[in-house]
Structure formats: structure tokens, C-alpha cells
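Comments concern the structure below.
We use all heavy atoms of the structure for the numbers below, so side chains are in, but hydrogens, waters and symmetry mates are not. Small disclaimer: the values here were computed from a predicted structure and weren't measured. First the proteins, then the strands, lettered A, B, ... as listed; each starts at 1.
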Amino acid sequence: KHDPEVSSDGIGKPINDSPKPNLDEAKKPPDSKKVKVGSASERNVEMKGKIRLLKKKPADFDPNMVACWEKGERVPFLFLSLAFDLISNETGRIVITDIVCNMLRTVIATTPDDLVATVYLAANKVAPAHEGLELGIGDASIIKALAEACGRTESQVKSQYKDKGDLGLVAQASRSSQSMMRKPDPLTVIKVFDTFRLIAKESGKDSQEKKKNRIKSLLVAATDCEPQYLIRLLQTKLRIGFSEQTLLAALGQAAVYNEQHSKPPPNVQSPLEEAAKIVKQVFSILPVYDKIVPALLTGGVWDLPKSCGFTPGVPVGPMLAKPTKGVAEIINKFQDIDFICEYKYDGERAQIHYMENGSVEIYSRNAECNTGKFPDVVAAISRLPSPPLHQAKHTGQNFSSESFLTMPVRKKSSVKSFVLDCELVAYDRVQKKILPFQILITRARKNVVVSEIKVDVCIFAFDILYLNGQPLLHEQLKVRKERLYDSFEEEPGFFQFATALTSNDLEEIQTFLNSAVSSSCEGLIIKTLDRDATYEPSKRSLNWLKLKKDYMESIGDTLDLVPIAAFHGRGKRTGTGFSEAELEERSASLRSKVIPEPKSYYRCSEMMKPDVWFETT
DNA sequence: TTTGGCTGCCC
DNA sequence: ATTCTGC
DNA sequence: GCAGAATGGGCAGCCAAA
């Protein structure tokens, strides 16, 4: 099993020491038990010829069309790379979804055991977000590995990167110069995925060296377009116009074509669209491919919501809010609909899971596990149900002392499990004041010990997604709010409900917004109560609107100023409050006001040497 | 033991 | 987090 | 309006070099 191809120059055009690609190979009957004939490079040529077939409409596609490996054989990484390459030449989402759908069907038809790894690579992830497994590899490490693998200096690689603008292309252009006695075995999807996970798990002394060597070993074995996509996967920047949402849709559609037993429910108009929707929804509630993919293979799409439902301890995608420009717009959008306005606290989103066995997990907005970052919050939450308030007050517990453990979040005794949607906000318990976000992010982040905490936080709860074994996602916000208020007692400075107002009066809301801002909040979040008011995980729904103070006028932090001088350059433009258009307009209007010297009455530091002076306007 | 580059994650 | 873009 | 890509500020944690 050797490979005749020892030297090869590179990219693009097929490498041809093997003049006659054996196209008949594909027509061999599938029952052929013979040891496979032909070298790896012959198979690669065949694969490159056939990959285009992935673009066929899924209805006309046969999952055995493209596969040039035996059933049960590991899926070649080249297959996935070629599919990526095919996608990179497309712009339409429908075509891309078809390609991915057919790609997945091919894997299902040949080596379903590889489907999970294929899906993870396609999603460009090594594990579910809440497991906290990260590659720990960035451009700098990749450049090092690349330089070593190709026998170049880092600066050579860097300048080529600057030139081409893409490290993947750099890898593509520079074949490994490592002299090999024998070409390594072809890469497989499983091999690449497993190596990625090993890279992620490496830590401690010499870990960087080990990671680098693993990257090099992959690069050495990579052919054709494999280097490019290996590198882009390591960068977590596939940039081919394909990402998770499209993958989920394709997964759903692939499952429809793969259905052997169950049929879509009779009321379904468009099974493909419906399947895509189901998989997306299910993933937003249980973002774990290791669960979804096997369930899809054994039970099909239509039963997926049954087999993969909300699971305590696994974070649900947080519902997001759409930006709006002012109170008027809100009144307009929600006329005749009941809605609630809440303070938008300037802290960190937290989804707090309290399990029946008493354990607690805290997840960030991006589903990262933050349990180890907020042991103080865990301590508060994990207190067993405390006695009713009036009793607690007289049991000698010291509610004002330093010991946070005596400051429980009061749960009603009937509360056995829940998931809360909250904002954790830096809080000064002495001054009884909310502290800015900048203070919050100075908190230590890993393995935090309660006694060493320097920045306290107050939990501001605004929603409840699960209570006593019951998911509440499908309940209207009005119901969820009732559950929330009924299940907990506030404890100022430790656990509070987000300040809220239910009103449809413009003046009243404007006043409320002002009070939010003067209470150190960013603005308001507006949510419908009864209508379309279910919790929609991961969605930036129209039913949650944010109204940030940035958009407001006259909140007291504006100044009237006259520009007298300026510097050229391309400074940061985001966060200035000006749009590109506004900046351009301002720049244009000032250009005509340029004067050669500062007016005599201008006062300016000696250190300050502006590029241009303006006359005042 | 200290420093600084690098990475990931909050917004 | 925001902004831009193609569909 | 959605999905994807690209962008910014600023911090802690990790690791390797100084």
C-alpha cells in the first residue's frame, strides 16, 4: 500500500503521476469484497471528478454517487475539504444547503459512524460550547507550525499572509517540505477531528510545542485543498458563506431523504423546510450534536423533538432582543398588544440551572460554563429552600454581615428545580449601588474561591424557563413572570427581579427609560406579554426589543462643542456614536473650514500637534 | 520569578 | 457588542 | 429579515521566554 507520488509541486491542477484515473472503479458492484485497488492518489482524482455531483438537487442525488470509499471505511478528509471548496464557489444559501445535505447523505450511506465527527468539523467545533473545550490555537501558533512544516521562516509566512490575506491559502501554496520516507496515510474526517480534540485537551508545560507538532503532522499528511481547510478550521474562520444555521438545515433535509420508516406528519406542507425548522429548534434547546445526530439516525426528524428535549444542566440558547431607536417606535410596533418594559442592566447574561439534586450550573450568553466563575452565585442559589421570610428574620441569621452564605436566595419551599434567565451585575453592597460593566469584568474567571472575591454581584432575574421539572419555554411571558415572582423572594443586593413597568403610555415609558439610565442601566428591554410571547431560544425576536440610551437625546451626558483642529487617520469608528455616513459628512463639511494657522485665541497644549486647524463654525 | 505574547470571551 | 452584505 | 463575515475595546488566564 504505497504511494507512487513522492514529489509534487502543489495546488490547483491535479497532480498526475497517475495518468489514467480509473473511472471504472466507481461502477464496481458494491458487493465487491476485494481489497481496494488503486492508489490513494487515483482515488483522489476520482473524488475530485465526482464531487461536483453534490450540487445536484437532493431529489436527483443518490448518496452512492460520490462515495469512492467502501461502506464502513473511514470518510476521507479530502471529501469534506472538496465539499468546502465547492461551497466556497457558491453564494446562494439554497445551493449551499443542497451541497451540505448531499454531503451528509453520502456519509450516512457509507459510514454513519463518522457522521458526528463530520458534523462537528462542518460546524467548526470540537465540543458543545458548555463543555468549555477550546483549541487554544490562534494565528500566531498556526504561523509557527506552518513555517516549520514548510521549512520557512515565520516572517516569510507572515508576509505571505499579509499578501494573500488568508492563512489557508498560504498553507495551500506551500507544500510541506518535510522529507518523508513514505507519504503518511490519507487524512480521514475522524483522524482530523480526533486530533483537534487532542490539541484542545493539551495543557501545561510544553503544551504549545505539542499542539504545534500535532498541527504539523496533519499538514504533512494533507493534499490538494486539505491544507487550506485544515488551517481555516484551526482558525475557526471557514469563511465560505457556510455556518451553523445552514448546517442544521442541511442536517434536517438529509434526514428527510434518509427516512426509512416514518413519514412526515400529514399536515406538513413542505417536509424539507419543516425538517430544517425542527433541527434548528431542537439544537437551540439542546445544542449537543452527540445527542442530536444519533437521535436523527435512529428515530428520524419527526420524532426528534421527543428524543431531544430541554435538559436541565444543558444551556438553552438565550433569547435576544432587536435594537430600536426610540419609545415612539415601540409604541408603534406594539400598539394594541400588552407589553412589559424592563431595565436593561449593564452586566453579564447568566442562565442559572438549579437541578433537583441541588447542583447548580451557570452559563453565559454564549453557552460557556461560568459555574466556576461565580461560586458566590452558586452558593446563593444552592441554598436549600429557606424557611418563610418572617421566620428567617428571627432565626438569628445575620443578613447584613460579610458572610454571603447566610444570604440565601429565597426560594419558596415548593421549588425543587429551575432555570433562570438573569443579568449578573457588579454591585457595591455598602453603597447599595450598581457598578459599571468595566468593574464586573475584572473579576477572576476560573476556579474562583468565594473568600477571595473582590467584586460582588447582584443577580437580576427577569425570566424563568423551567420550574419543578416543567419546561416553561412554551408558556407566554405573562405566565413565566408569574411563576418567577411566585417562586422567589427578593433580597436586595443579592437577588432582585429586573425592575419592570407595564404601560403603553409614551410619556410614562420615556420617564421609565430615564430612570433606568439614571440607575446605571443601559436602557430598556421591551417584551410582549401575551402575544407571541413564548421563549424563543437563540432568536433575536421582534418580541424582545432593546432601547439603549445610546439612541437617546438629552440624557445629560451630551456636550456642545466646536471642532477647532483634527488629526488624520483611520481611528476606531465603532462606538463613537457616528455612522460611517455621518463621519463622512462631517469630514466633508470640515474640509472647507481648514485654515493654515490656529487662531490667536486658540489654546492648545504644546504636546498637541494637530494635522489641521479649523475656523470655528 | 517576572514579563509579555497569545488566546478566548465578555460586551 | 455593531456593521455590512447577499440572498 | 436572515445568516454569515468582519470589526472594536478590554479584560483574565495561560504559557514560554527573559
Side-chain angles (χ1 to χ4, degrees), chain A residues 87-88 90-97 100 123-126 129-130 132-145 154 165-166 199-200 202-212 232 234-250 273 276-277 280 318 320-323 344-350 362-370 372-374 423-426 436-448 452 454-455 457 522-523 536 538-542 546 548 550-551 570-583:
Chain A
I87 293 168
S88 72
E90 302 293 335
T91 54
R93 260 201 318 262
I94 294 170
V95 178
I96 292 175
T97 308
V100 178
N124 211 342
K125 291 180 174 174
V126 292
H130 68 277
L133 192 62
E134 303 299 332
L135 279 169
I137 287 294
D139 283 357
S141 321
I142 294 173
I143 287 169
K144 259 189 193 161
E154 280 180 49
D166 183 324
I199 290 172
E202 213 83 69
S203 74
K205 184 160 158 36
D206 296 331
S207 57
Q208 293 306 303
E209 180 79 10
K210 290 175 186 162
K211 285 180 193 228
K212 186 185 66 191
R232 288 197 187 178
L234 287 167
Q235 288 179 294
T236 335
K237 280 199 263 182
L238 222 34
R239 35 182 279 183
I240 54 177
F242 161 72
S243 193
E244 196 144 61
Q245 291 309 114
T246 309
L247 171 65
L248 293 168
E273 280 176 38
K277 209 170 107 188
K280 286 184 188 185
L320 305 169
K322 274 233 154 63
K344 183 183 192 303
Y345 295 88
D346 194 4
E348 199 173 322
R349 190 87 175 260
I362 301 170
Y363 299 102
S364 76
R365 173 201 147 107
N366 295 316
E368 301 290 330
C369 181
N370 270 348
K373 180 175 172 183
F374 295 107
E423 191 82 3
L424 302 182
V425 183
F437 177 76
Q438 285 304 106
I439 300 294
L440 178 68
I441 51 172
T442 63
R443 267 184 70 120
R445 293 173 194 181
K446 286 193 163 173
N447 304 316
V448 176
E452 289 167 12
K454 296 194 183 68
V455 176
V457 296
E522 281 191 300
E536 301 293 329
S538 307
K539 286 218 180 111
R540 200 176 287 283
S541 129
L542 256 187
K546 64 176 148 194
K548 302 229 290 191
D550 314 32
Y551 301 113
R570 316 174 311 143
K572 60 171 177 186
R573 288 165 179 226
T574 52
T576 57
F578 297 114
S579 70
E580 285 294 325
E582 282 171 319
L583 285 171

Nearest to the side chain of [X], which nucleotide is it out of [options]?
X      : options                : answer
A:F437 : D:dC15, B:dC10, D:dG4  : B:dC10
A:S243 : D:dG4, B:dG8, D:dC11   : D:dG4
A:R93  : C:dG6, D:dA16, D:dG13  : C:dG6
A:K546 : C:dT2, D:dC11, B:dC11  : C:dT2
A:K446 : D:dA16, B:dC11, D:dC14 : D:dC14

Is [Y] paired with [X] through a side-chain N to carboxylate O contact shorter than 4.0 Å?
X      : Y      : answer
A:E522 : A:K344 : yes
A:D166 : A:R232 : yes
A:K373 : A:E368 : no

Under-4.0 Å side-chain N/O to phosphate OP1/OP2 contact, [X] with [N]:
X      : N      : value
A:R239 : D:dA6  : yes
A:T246 : D:dA3  : no
A:T91  : C:dC7  : yes
A:K322 : D:dC2  : yes
A:S141 : B:dT7  : yes
A:N370 : B:dC10 : yes

How many whole angstroms separate atom [atom1] of [X] from atom [atom2] of [N]?
X      : N      : atom1 : atom2 : value
A:F242 : C:dT5  : CZ    : C1'   : 19 Å
A:L234 : B:dT7  : CG    : C1'   : 14 Å
A:D346 : D:dC11 : CG    : C1'   : 14 Å
A:N366 : B:dG8  : CG    : P     : 14 Å
A:K144 : B:dC6  : NZ    : P     : 8 Å
A:Q438 : D:dG8  : CD    : P     : 18 Å
A:K373 : B:dC10 : NZ    : P     : 6 Å
A:L135 : B:dG8  : CG    : P     : 7 Å

> Any idea which heavy atoms bring A:S364 and A:N370 closest together, and the distance?
Replying inline: CB-ND2, 3.4 Å
Which part of the nucleic acid, if any, lies within contact of [X], taking any heavy atom under 4.0 Å across all strands shown: a base, the sugar-phosphate backbone alone, or nothing?
X      : answer
A:I137 : sugar-phosphate
A:I240 : sugar-phosphate
A:K211 : nothing
A:N447 : nothing

>> Treating A:K546 as the side-chain partner and A:P323 as the backbone partner, does any N or O pair qualify as donor plus acceptor under 3.5 Å?
In response: no
>> Tell me if a side-chain donor or acceptor on A:E423 pairs with a main-chain N or O of A:G347 at a distance below 3.5 Å.
In response: yes
>> Base of D:dC11, side chain of A:R445 - is there a donor-acceptor contact under 3.5 Å?
In response: yes
